[in-house]
There are 2 protein chains.
Amino acid sequence: MIPLGIIEDQAAIREALCEYLGAQPEFDCVLCAASHEEFMAGLAGLATPPTLVLSDIGLPGRSGIEGLSVLRQVLPEAEVLMLSVYTDAERVFEALRAGAVGYLEKTTPLPLLKEHLLQVAAGGSPMSPSVARHVTRYFAPRPVVPAADNLTPREQEIVRAIEDGLSYKLIAERLHVSLDTVRSHIRQVYRKLQVNSKAEIMARAQNRSRLSW
Amino acid sequence: MIPLGIIEDQAAIREALCEYLGAQPEFDCVLCAASHEEFMAGLAGLATPPTLVLSDIGLPGRSGIEGLSVLRQVLPEAEVLMLSVYTDAERVFEALRAGAVGYLEKTTPLPLLKEHLLQVAAGGSPMSPSVARHVTRYFAPRPVVPAADNLTPREQEIVRAIEDGLSYKLIAERLHVSLDTVRSHIRQVYRKLQVNSKAEIMARAQNRSRLSW
DNA sequence: CGCCGCCTCACATCTTTATGCGATAGCGCC
DNA sequence: GGCGCTATCGCATAAAGATGTGAGGCGGCG
C-alpha cells in the first residue's frame, strides 16, 4: 500500500481526491493539506511519510513549484505528480526542473488519475498530451529561428550542444557526424559570434537566460 | 478525415494497424510502407499526403530516426508518432530531437493507439509513461544529492571564475596565484562536485539560474 | 605537539580544444 | 553552367584543460 500525500487548496477537490484515492486498496492517503506550509507541518507527526505526492500548482502562499523544490529536499525519495489547470510551457518546465515526475491536467477523471498514480509508482511519468507537447517542442530542431544571429540551423544545433556542456566527442555522437566536422562548425560559430572558446559560448547562454527566462 | 501514413516492417503488425486504423471514420490510411525508402517513394503518387505518420523505429535500412529527419524535410507539416519496442533514453531523445511529436511503446493496444493518434491531431504529444520518465529525468535537478557545496571559500571563487567563462590563465591572474594552483583547486572542485570539465560546471550554473532567476 | 584541512606550487602526461589550410558534394540561383 | 553557401571530413600544430603524484607553509584543535 503506497503512502500518498495530497496538496490542494480547494476543499471540494481535495476531499474528493482524498476520499476516492484513499478508498482504493493501492493507496493509503496519509496526509491531505491545503497548502505546502500545512503539508510540511503535517509531515512531522507521520510514522510513514508519503512516497507519492499529488500536488496542485496554483496554491495560495508558496506556489506548488516553489514548494516542490523544498519538498524534494525534505522527502528526496518521494515522487511528486503535479496537477494543474494551467498547461503553459513556462509552468510545465518550471515544474519539471523542480523535479516533478509528471504533470496532469486537473480535468483528468479520477479513475484515470488513479491509473496515472500507479504508473508513477511503477517508474512511469504520466503527462497529459498537451503538456507533453511542450516537451517535444523543446527537443525538436528549432523550426528556423530567424532571430538567432546569422547561424545556420546546423550551427545552432552545435551551439545548443555546447550549452548543454557536451564535449566535441559527444557532440559528434549526438549529431552523428565526425569529430572534425564538429570542429569545423565550431570554428565557424566562433567567427560569427566573435568568441574563441566553449566557455564564452556558455557564458553567453548564461547571460541570455537571465534576461529572457 | 485525417490522411494517415504508416511505416512498419513487420507485415503482420503493419497490416493490423492499417486495417484497424483505416476502418476508423477519423482516418484515411493513404500510405502503408515497410521501410522509409518505400514510404518516400510512395509519397510521390499521392494526391493528399499524410499529415499524420505512425512510424516504427527498428527498421531495416534507414532507421526510423534517420528516416524521420528526412521525412520532416519532405513533409514539414506532418506530425510523426514513433512506435517502438525500445524505450531506452538514447533512442527516445534521438527521436525527439529528430522531431517526433510522441513516442509510444509497441505494446499499446489498438484502441488506445487510436486515441493517441487523435490526441496528436488535437495538438497533443502522447508518450508512454516509461518514455516520459526519461524526459522528466532530463529536466530534473541533478540527482537528489549533488554534494551540497562543501566548497571552501577559495574553491567557490574558482567556481565563480569558471562560470564567468575565464581560462585557467585568467583565473590565475584574477586570484593572483599560479596556474598550477588553479589547476589544483579545480581538481578538488571536480572531485567534490562530481564533474570533470569546465563545461559541466557551467552547465550546472545554467540549470541553477533557471531555477532561481 | 602532532594531525588535519586549506592554500600554495611544481612537474609530468594525456586528452580536449582552438585554429589554419584544404577538399568534396549538394543545393539554390541567376 | 558557374557561384555562393552549407555541410561534411581530413590532417596538422599549438594552446588549454584534465589528472596523477608530490610537497612546503600556515592555522586551528584535541
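On a predicted model such as this, the values are computed, not experimentally measured, just so you know. In what follows, chains are A, B, ... by sequence order, proteins preceding strands, each numbered from 1.
- In this structure, CG of A/Leu175 is placed 15 Å from C1' of D/dC9, rounded to the nearest angstrom.
- The side chain of A/Lys198 places no N or O atom within less than 4.0 Å of a non-bridging phosphate oxygen (OP1 or OP2) of C/dA18.
- Aromatic ring pairs are classed by plane angle as parallel below 30°, tilted from 30° to 60° and perpendicular above 60°; the pair B/Phe93 and B/Tyr138 is tilted.
- At a threshold of 4.0 Å, the pair A/Asp164-A/Arg174 counts as salt-bridged, since one of the basic side-chain nitrogens sits closer than that to a carboxylate oxygen.
- Here the side chain of B/His185 is nearest to one of C/dC7, C/dT17, C/dT19, namely C/dC7.
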Would you please test A/Tyr190 and A/Glu200 for side-chain contact (heavy atoms from CB on, under 4.5 Å) and show each step? CA-CA 9 Å; A/Tyr190 284 1; A/Glu200 286 182 63; over 6 Å; no
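- The CD-C1' distance, from A/Glu157 to D/dT8, rounds to 14 Å in whole Å.
- The CG atom of B/Leu166 sits 14 Å away from the C1' atom of D/dG17 (whole-angstrom rounding).
- Residue whose closest nucleotide on DNA chain D sits further toward the 5' end, between B/Lys169 and B/Asn196: B/Lys169.
- Between A/Leu179 and A/Arg191, it is A/Leu179 whose nearest contact on DNA chain C lies nearer the 5' terminus.
- Cysteines B/Cys18 and B/Cys32 place their SG atoms closer than 2.5 Å to one another.
- If you take OH of A/Tyr168 and C1' of D/dC9, they are 16 Å apart, rounded to a whole angstrom.
- Nearest nucleotide to the A/Ile186 side chain, out of C/dA10, C/dT17, C/dA18: C/dA18.
- Side-chain to base pairing of B/Thr152 with C/dC6: no donor and acceptor N or O lie closer than 3.5 Å to each other.
- For B/Val177, counting side-chain heavy atoms from C-beta on, the closest listed nucleotide (D/dA7, C/dA18, C/dC9) is C/dC9.
- A close approach under 4.0 Å does not occur between any side-chain nitrogen or oxygen of B/Tyr190 and OP1 or OP2 of D/dT19.
- Protein atom CG of B/Asp180 is 14 Å distant from nucleotide atom P of D/dA16, rounded to whole Å.
- Of the options A/His185, A/Lys192, A/Gln188, A/Arg160, a side-chain hydrogen bond (donor to acceptor under 3.5 Å, both in side chains) to A/Glu155 is made by A/Lys192 and by none of the others.
- Atom CD in A/Gln188 sits about 9 Å away from atom C1' in D/dT6, given to the nearest Å.
- Looking at which nucleotide of DNA chain C each of B/Pro153 and A/Ala199 is closest to, the 5′-most match is held by B/Pro153.
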Test log, rule side-chain contact (heavy atoms from CB on, under 4.5 Å), inputs B/Glu26 and B/Lys114: CA-CA 9 Å; B/Glu26 295 91 345; B/Lys114 175 193 162 186; 3.4 Å; yes
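- Below the 3.5 angstrom threshold, one finds a donor paired with an acceptor across the side chain of A/Ser184 and the base of D/dC9.
- An OP1 or OP2 oxygen of D/dC9 is reached within less than 4.0 angstrom by a side-chain nitrogen or oxygen of A/Thr181.
- As rounded to whole Å, 16 Å separates atom P of D/dT8 from atom CD of A/Glu173.
- Looking at the side chain of A/Arg187, the nearest of the listed nucleotides C/dC21, D/dT19, C/dA10 is C/dC21.
- Between B/Arg154 atom CZ and D/dG27 atom C1' there is a gap of 16 Å when expressed in whole angstrom units.
- Residue B/Ser178 has its side chain nearest to C/dC9 when only C/dT19, C/dC9, D/dG17 are considered.
- Not a single donor-acceptor pair, N or O on each side, falls under 3.5 Å between the base of C/dT8 and the side chain of B/Arg183.
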